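Sharing a structure, written as structure tokens. Questions coming.
All values below come from the heavy atoms of this structure, side chains included, with hydrogens, waters and symmetry mates left out. Note that the structure is a prediction, hence the values are computed from the model and not measured. Below, chain A is the first sequence line, B the second, and so on; all start at residue 1.
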Number of protein chains: 2
Amino acid sequence: MRFETTTIKDIAKALGFSTSTVSRALRGGYEISEETKRIVLEYAEKINYRPNPIALSLKERRSHSIGVVVCEIANNFFSQAINGIESIAYNSGYHVIITQSNENHEREVLNVEHLASRSVDGLLISLSSESNDISYLKSLHEKGLPIVFFDRVSEEINTHKVIANNFQGGFEATEFLIKSGYTKIGHFTNAAHLSITRERLEGYKAALEKHQIPFNESYVKYCSYSGLIQDEIDAAVKDILKLKERPDALFIAQDKISTSTLLALRKLDLEYGCKIGISGFTNSNVAPLFSPPITVVRQPAFEMGQQATQLLIKLIESKHPVTEFETKTLNTQLITHSSTNRKL
Amino acid sequence: MRFETTTIKDIAKALGFSTSTVSRALRGGYEISEETKRIVLEYAEKINYRPNPIALSLKERRSHSIGVVVCEIANNFFSQAINGIESIAYNSGYHVIITQSNENHEREVLNVEHLASRSVDGLLISLSSESNDISYLKSLHEKGLPIVFFDRVSEEINTHKVIANNFQGGFEATEFLIKSGYTKIGHFTNAAHLSITRERLEGYKAALEKHQIPFNESYVKYCSYSGLIQDEIDAAVKDILKLKERPDALFIAQDKISTSTLLALRKLDLEYGCKIGISGFTNSNVAPLFSPPITVVRQPAFEMGQQATQLLIKLIESKHPVTEFETKTLNTQLITHSSTNRKL
DNA sequence: ATCGTTGCCGGGAACGATTGCATTTTTTTT
DNA sequence: AAAAAAAATGCAATCGTTCCCGGCAACGAT
């Protein structure tokens, strides 16, 4: 049951050349006569010869591929980002290997190590919500593996980073609710230690402060599984419902948490869910269909994927060690569906 | 800028053994003394040695990985199927390489050939809607590459296949609309030549026939881009709206087309959209939130991915050429949200 | 004392491709 | 026509690993 391929040797044998001649003819080496080149190229074409990328990877110690680690591809943000990544990578001659951590630290480590041992030329990663300790990444980075962070970044490693303007997103989403007349605004968000959590929370707080609304700690719910587990969101919603002074609006800081919260509201108290104002991060293309309706903070996922990939390829192809790193911040977009600002 | 790794040679040099001895000690070869094994293993552990999978792939001409080709990972069905694939593959020691065709034939060919040249041990594929000619797959299959089809299969290649019970899905979705009191039932579906299109159409027709409703060709819209292009769906909806006798219900045969149709209805004629009955294939987790509401045909995507992977691994690991192939058909699930059958 | 076993280990080819250097062939120069 | 220069091609090492084969010691049996 072994899959047959044709090699440079087969060509050499069939044509009576040495493998070196064939190799050079195929890459158009200047030292090979036009005649020989023609013969070799024609024959290679005829038998549909394809160079073995594995042999090349072994020899050159690079694979012309980049590894991607995301939490889950089913998340709209990540699948769009991956499309952006692929769009750049393919045009630059790189293949993309996608892996999922499922928000699990151990899985993330396994994925990264596997990618590294497969000689990926570089790594694009958005950290899992469980990942507090990233020393494993640090050591890989120090050994020379080019890494670019996107979305969920870490301070601990000095390299390129691409993020959305999370502060802006949080601020605008919150301020929109305030301007729509809501004052008791709850906040559902990710695990507390993530960069995106901090930044979006800051935006939320800044909007409250600007409009002289006091910050209320009991209105903030940290969901460590990032909405991957519906029960966690149900519990958060129940907590909110139990409050003597319920929020009259919610700002939700993540894609999956947004949809999970809408589902929970529908299930637990639809009337309340339809009464309150809801704004939240999501890159879902079907958000306009949602009921209860939601005002959307959309991240430029595709562009983020593209820019991260451009930075990574620049790192990979740089002749000299790079020491100057940049953090690109892309603006989010607030999309209001007419039905949301119904208090106006 | 090259990434350093430790090899079996480093161990051999440090310990004064030959590479052969080290290699055998690491795999626990019987011909190596316990003492030597201990020394080698301890040292390997100490320097965190990891065998180079690329060298292994080159030598063994297999990579312990399986390639997956889907149309787009952003599609709920496929991302769930991929989770099923990974769940089995990882437990069996295989890595999964995911690629997207974006419903584009040329891209599909490129992806498959790249996967094959990377020595994937087998291939899981759901055909793109553009793929009519699959001779390239055929020749790969004849050369010995194990292939398992899922979801969108082809008759032309005799191998294992895993599909949903598309006839049943189409039948139940249509009959549900009929039983809810609708009689003029339109049908939006994929490109006509796809296996899933035929089967779901058959189910639709069978339900109509059972209830003595005449089949109306002008009620059927084939969307060759599978909902990837919103304009195509918008056009289909406009066509329907222009009919002197508009459908009072729609059965939609695919995930993306379902959501695109809902978006189009919202945009073009929300009142009509909310009045008609809609049932459709989708694996979206947020379908309960949709408005207009939709009765859902859900495919067992995760299980389909799992079963396809099990079949593929059986093929890969089979000692003898396999000649008996099976087609597994998994039942779909009809999920009615209370609000849909409002004619009752 | 010699032979066959057994246990342990090293040498080296192989996987497919590239590449520096050596070698052969052809062409040009004198 | 001989020598030098140029062009075309081959040899062999390399990447990291496995595995066939052969070597060598120690030991028991003859």
Side-chain angles (χ1 to χ4, degrees), chain A residues 2-41 43-44 47-65 113-114 116-121 144, chain B residues 2-41 43-44 47-64 113-114 116-121 143-144:
Chain A
R2 226 14 269 162
F3 179 60
E4 298 289 323
T5 62
T6 60
T7 76
I8 221 168
K9 265 188 208 163
D10 301 325
I11 301 182
K13 200 175 293 172
L15 261 39
F17 289 114
S18 72
T19 56
S20 0
T21 304
V22 175
S23 170
R24 272 182 279 245
L26 289 171
R27 6 219 89 238
Y30 64 97
E31 11 179 22
I32 302 295
S33 70
E34 290 306 320
E35 174 66 4
T36 307
K37 275 187 196 169
R38 199 185 48 73
I39 296 175
V40 171
L41 286 171
Y43 187 74
I47 65 170
N48 194 30
Y49 167 79
R50 293 274 175 278
N52 182 328
I54 298 194
L56 284 175
S57 295
L58 181 60
K59 177 126 182 62
E60 300 181 1
R61 307 166 94 188
R62 59 174 302 189
S63 58
H64 291 277
S65 62
E113 292 191 337
H114 175 250
S117 73
R118 282 263 161 210
S119 294
V120 290
D121 300 342
Chain B
R2 228 13 270 164
F3 179 60
E4 298 289 322
T5 62
T6 60
T7 76
I8 224 169
K9 266 188 205 164
D10 301 326
I11 301 182
K13 200 175 294 171
L15 262 37
F17 289 115
S18 72
T19 57
S20 352
T21 303
V22 174
S23 171
R24 270 181 284 245
L26 288 171
R27 2 220 95 237
Y30 65 97
E31 6 175 33
I32 304 295
S33 71
E34 290 305 319
E35 174 65 4
T36 306
K37 276 186 195 167
R38 197 184 49 73
I39 295 175
V40 171
L41 285 171
Y43 187 75
I47 65 169
N48 195 29
Y49 166 79
R50 294 273 176 278
N52 182 328
I54 298 195
L56 283 175
S57 295
L58 180 59
K59 181 114 184 71
E60 299 181 1
R61 306 164 93 185
R62 59 174 300 190
S63 58
H64 292 277
E113 290 191 337
H114 176 249
S117 73
R118 282 264 163 209
S119 294
V120 290
D121 300 342
K143 280 191 199 159

- Query: Can you tell me the Watson-Crick or wobble partner of C:dT30, both distances under 3.5 angstrom?
  - Reply: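 D:dA1 is the nucleotide pairing with C:dT30.
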- Nearest heavy-atom approach of B:I54 to A:S57 is CD1-CB, 3.6 Å
- Task: Using atom CZ of B:R61 as one end and atom P of C:dA14 as the other, report the distance to the nearest whole Å.
- Result: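 Nearest whole value for this atom pair: 13 Å.
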- Nearest heavy-atom approach of B:A44 to B:L26 is CB-CD2, 3.8 Å
- Nucleotide C:dG16, atom C1' - distance to CD1 of A:I11 in whole Å: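 Roughly 12 Å, once rounded to whole Å.
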- Query: Tell me: CG of A:L15 to P of D:dT9, nearest whole Å?
  - Reply: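 Distance, rounded to whole Å: 11 Å.
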- Item | Nucleotide of C:dG16, D:dT17, D:dG16 approaching B:Y49 most closely (side-chain heavy atoms) |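 Nearest nucleotide to the side chain: D:dT17.
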- Start with the C-alpha distance between B:T36 and B:S33, add both sets of side-chain angles, then the distance that settles side chain to side chain donor-acceptor pair (under 3.5 Å), and finish with yes or no. CA-CA 5 Å; B:T36 306; B:S33 71; 2.8 Å; yes
- Message: Ignoring hydrogens, what is the shortest heavy-atom contact between B:L58 and A:A55? Give both atom names and the distance.
- Response: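 Closest approach of B:L58 to A:A55: CD1-CB, 4.0 Å.
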- Sugar-phosphate means primed atoms, P, OP1 and OP2; the rest is base. With that split, encode nucleotides 8-13 of chain C 5' to 3' as B, S or - using protein heavy atoms under 4.0 Å. BBBBB-
- Task: Quick one: closest heavy-atom pair of A:P51 and A:L56, and the distance?
- Result: CB-CD1, 4.4 Å
- Between atom CG in B:L56 and atom C1' in C:dG16, what is the gap in whole Å?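 After rounding, the reported distance stands at 15 Å.
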- Query: Rounded to whole angstrom units, what separation is found between the CG atom of A:N52 and the C1' atom of D:dT14?
  - Reply: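 After rounding, the gap between these two atoms is 16 Å.
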- Take the protein atom NZ of A:K9 and the nucleotide atom C1' of C:dA17, then report the distance between them rounded to whole Å.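 In whole Å, C:dA17 C1' lies 10 Å from A:K9 NZ.
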- Note on the structure: Rounded to whole Å, the CD1-C1' distance (A:I8 to C:dA17) equals 6 Å
- Between B:D121 and B:R62, is there a donor-acceptor pair closer than 3.5 Å when you use the side chain of the first and the backbone of the second?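 Checked: no pair found.
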- Task: Give the rounded distance in Å between these two atoms: CD of A:E35 and C1' of D:dA7.
- Result: 15 Å
